[in-house]
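A note on names: the letters A, B, ... follow the listed sequences, proteins ahead of strands, and every chain is numbered from 1.
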Amino acid sequence: MLASNLPWLLLHSRNRQSPFPGLGHSGSGSTLLGYIGIDTIIEQMRKKTMKAGFDFNIMIVGHSGLGKSTLVNTLFKSQVSRWSSGWGGEHKIPKTVEIKAVSHVIEEGGVKMKLTVIDTPGFGDQINNENCWDPISKYINEQYEKFLKEEVNIARKKRIPDTRVHCCLYFISPTGHSLRQLDIEFMKHLSRVVNIIPVIAKSDTMTPDEKNEFKHRVRKELETHGIEYYPQNEFDDDMEDKNENDKIREAMPFAVVGSDKEFQVNGKRVLGRKTAWGVVEVENPNHCEFALLRDFLIRSHLQDLKEVTHNIHYETYRARRLNDNGGLHPISANNTQESNL
Amino acid sequence: MTTNIRYKSRIPIKSDETPEEKQYVGFATLPNQVHRKSVKKGFDFTLMVAGESGMGKSTLVNSLFLTDLYKDRKLLNAEERINQTVEIIKHTVDIEEKGVKLKLTIVDTPGFGDAVNNNECWKPITDYIDQQFEQYFRDESGLNRKNIQDNRVHCCLYFIPPFGHGLRPVDVEFMKALHEKVNVVPLIAKADCLTPNEIKKLKDRVREEIERFGIKVYQFPECDSDEDEEFKQLDKELKECCPLAVIGSNTVVEARGQRVRGRLYPWGIVEVENQSHCDFVKLRNMLIRSHMHDLKDVTCDVHYENYRAQCIQDMTRYVKLTQDNRMESPIPILPLSTPDVETDRLIKMKDEEVNCYVIMGNITYTG
């Protein structure tokens, strides 16, 4: 083989700081003459992920009457929650907290998403609400266990079905004063296990000033109790993320209003709530922060929610499981746990 | 007064939405969200090249990735090579193009097929591949999975000499030893010593022998029905051209008024990137521009899973042998009490997957 004549191929050979330090490395990055086409790998990935589809599991928690189902329907512009009509039907308060999951496949722009809404009727509705978060905690851990079992299986599926809860929307009652004891207890117990996004429900009962004060007080309380809501400080990857997430953290909890009815305002049809003194427009940023919540949840951080669940919460669970038993016991393939799906 | 909190969302929000856009939830941006992270992290790809010395492997790699990985290489003469065993040498280079970072690792196998007695000369290579699988298996089963390094070999380019009449015994044995561990892509090296007719004959011969000996080379996945015609046509051409006949070059020559990579002969100039001269462009497109991701997927989903299943099965046997319920295994895993027949069947199932790709579609659930 002839010795290569390369001076004109390498325009300059700079010793660039390798983005992967610590690896045995004989060549330095060189400026390229011509186009290789590495950037097309993104398109390749895109095609594959589009074909495979996405899934997203969102849990809604809060005592009854806070407009949880309506809000979720408004977020996804479809009847995705358990109660698909307004006030029809009996809303019986169950004796214990139940976990009800409903899945739908929604499609937009060629992207298919299997959305699962996990409702928790009975939360906070009893006289004695002690430990009412236990069924919820149990459900979340069961999903982690399911995933772990599948992952450890000898013949595991290419795409393990993901039923883990990616996001928990916690509805805070708009009392205008402060968080209730139950709110704090719930979030304390669960913020290390799942991504919690607190929202202030039915915020059309507060004026803008009241809203701001309430939000401020809620944030202070969460800080005092060491409750880290999503996006968590410690998981910011780099400066860019940190700056963006800081702004979001300052604006949370979002004060929202949900509605599935449309009204005519200034010649446009808007989603809103009509009262004698005016129409509350759901998507109007001056009226409430629904649009901010939607953009945050769906348009920018959806994937991140899934990743934090997978890379952090699930890994924590897994590490705990592995440590607890010093290795896992042989489990037969038929031993599946019952879940409430 | 509500302060209008503005934050720069990753996707620009249109302030006045048309009625159609009001129906827009916004999760169509999901693919972009997914890829944003990948682009930030960068990609990696490990390519192995195997074949006798002097087949043009290094030159081809340089041509493919427009780098010079072998600057300081010393070529050995015949005497020095007598007692050589097959070595495994890794070269790593970081390439960035249009903001996308790729960490490319080339695994070289000097000494392969060079000795007088080449019995089992592929063993160091299969051992290396297994080692990478084992490393990954350990990491994956461990406690801290944050920064697992993926050194698994994603593709092996095997260089068949053009001088013979098809596959030689060492070619057949090598490919059979590796076809269930790595994606094998056979190439006809130094194709500029053959005329188009000879190339065609050789390709047909090699294809027929591959089938006859049951060698499972890397299969391109089927095109979707919704792909555009141009892509389907390219895909068809690619499949018909296998094994690809390639030429590499490190030198730039002047041809038809342009500066191109090529080889200058008294009777003409061979241009590497001329599709009528050789299949280099097809190889590059396939390897980098259309199938890189698929090569990685097949490595992860098929070859690695087979290795893993085999590993677990071996461990289960060992556990049964030692009659110990709580074995202090360095790898905390769940050995399943499935009978061996079942595991073998599972492994065979994975094998069949090499030839048909079924991506799990969405299942619609109602209520």
Side-chain angles (χ1 to χ4, degrees), chain A residues 1 4-6 8 18-20 23 25-27 29-30 32-34 36-42 44-46 49-54 76-77 102-103 105 108-109 111-114 152 154-155 158-159 208 247-248 251 285-286 295 298-300 302-303 315 319 322 327-328 330-333, chain B residues 1-2 4-5 7-11 13 23 25-31 33-35 38-39 42-43 54 65-69 91-95 97-98 100-103 143 145 250-252 288-289 292-293 301 309 312 329 332-338 343 346 359-360 362 364-365 367:
Chain A
M1 216 44 223
S4 8
N5 305 332
L6 291 174
W8 45 61
S18 164
F20 305 94
L23 283 162
H25 165 40
S26 66
S30 37
L32 310 168
L33 180 72
I36 306 175
I38 303 171
D39 53 329
T40 56
I41 195 172
I42 300 208
Q44 298 173 36
M45 268 183 72
R46 228 190 124 84
T49 45
M50 292 272 287
K51 258 208 278 192
F54 301 85
F76 292 100
K77 293 243 165 55
V102 172
S103 297
V105 175
E108 190 179 81
V111 177
K112 283 209 192 73
M113 179 156 84
K114 172 163 155 268
V152 179
I154 196 172
K158 239 181 266 209
R159 250 189 93 215
K247 294 202 196 97
I248 297 174
N286 287 329
D295 291 342
I298 300 174
R299 295 185 191 179
S300 58
L302 195 78
Q303 182 61 24
E315 288 297 314
L322 294 180
L328 296 163
I331 298 177
S332 84
Chain B
M1 207 39 206
T2 319
N4 264 344
I5 300 154
Y7 63 95
K8 188 151 168 272
S9 92
R10 292 162 215 215
I11 316 296
I13 306 171
Q23 294 308 312
V25 175
F27 63 83
T29 60
L30 258 179
Q33 292 181 38
V34 171
H35 304 139
S38 305
V39 171
F43 299 90
F65 294 101
L66 300 178
T67 65
D68 176 28
L69 291 171
H91 300 265
T92 312
V93 73
D94 299 320
I95 306 178
E97 206 175 47
K98 295 199 182 163
V100 179
K101 297 199 257 289
L102 177 72
K103 174 169 145 261
L143 284 180
R145 310 202 293 185
N250 286 332
T251 53
V252 175
I288 301 173
R289 296 185 194 175
M292 187 180 260
H293 195 65
D301 296 339
I312 296 182
S329 157
I333 48 137
L334 277 149
L336 292 183
S337 52
T338 51
T343 323
L346 290 166
I359 308 231
M360 295 190 7
N362 258 322
T364 308
Y365 293 79

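- A pairwise comparison of heavy atoms in T40(A) and I288(B) identifies OG1-O, 3.6 Å as the closest pair.
- Partners of Q44(A) by side-chain hydrogen bond (donor to acceptor under 3.5 Å, both in side chains), not counting sequence neighbours: none found.
- Here the closest heavy-atom approach between residue M113(A) and residue L30(B) is recorded as SD-CD1, 4.0 Å.
- Residues I38(A) and E97(B) come closest through the heavy atom pair N-OE1, 3.0 Å.
- Between I298(A) and T29(B), the shortest heavy-atom distance links the atoms O-OG1, 4.1 Å.
- Across every non-hydrogen atom of E315(A) and L143(B), the tightest pair is OE1-O, 4.2 Å.
- For chain B, the nearby part of M50(A) is the side chain; its heavy atoms alone come within less than 4.5 Å.
- Nearest heavy-atom pair, Q33(B) versus L302(A), reported as atom, atom and distance to 0.1 Å: OE1-N, 3.0 Å.
- Atom CG of D39(A) is separated from atom CZ of R289(B) by 8.5 Å, given to the nearest 0.5 angstrom.
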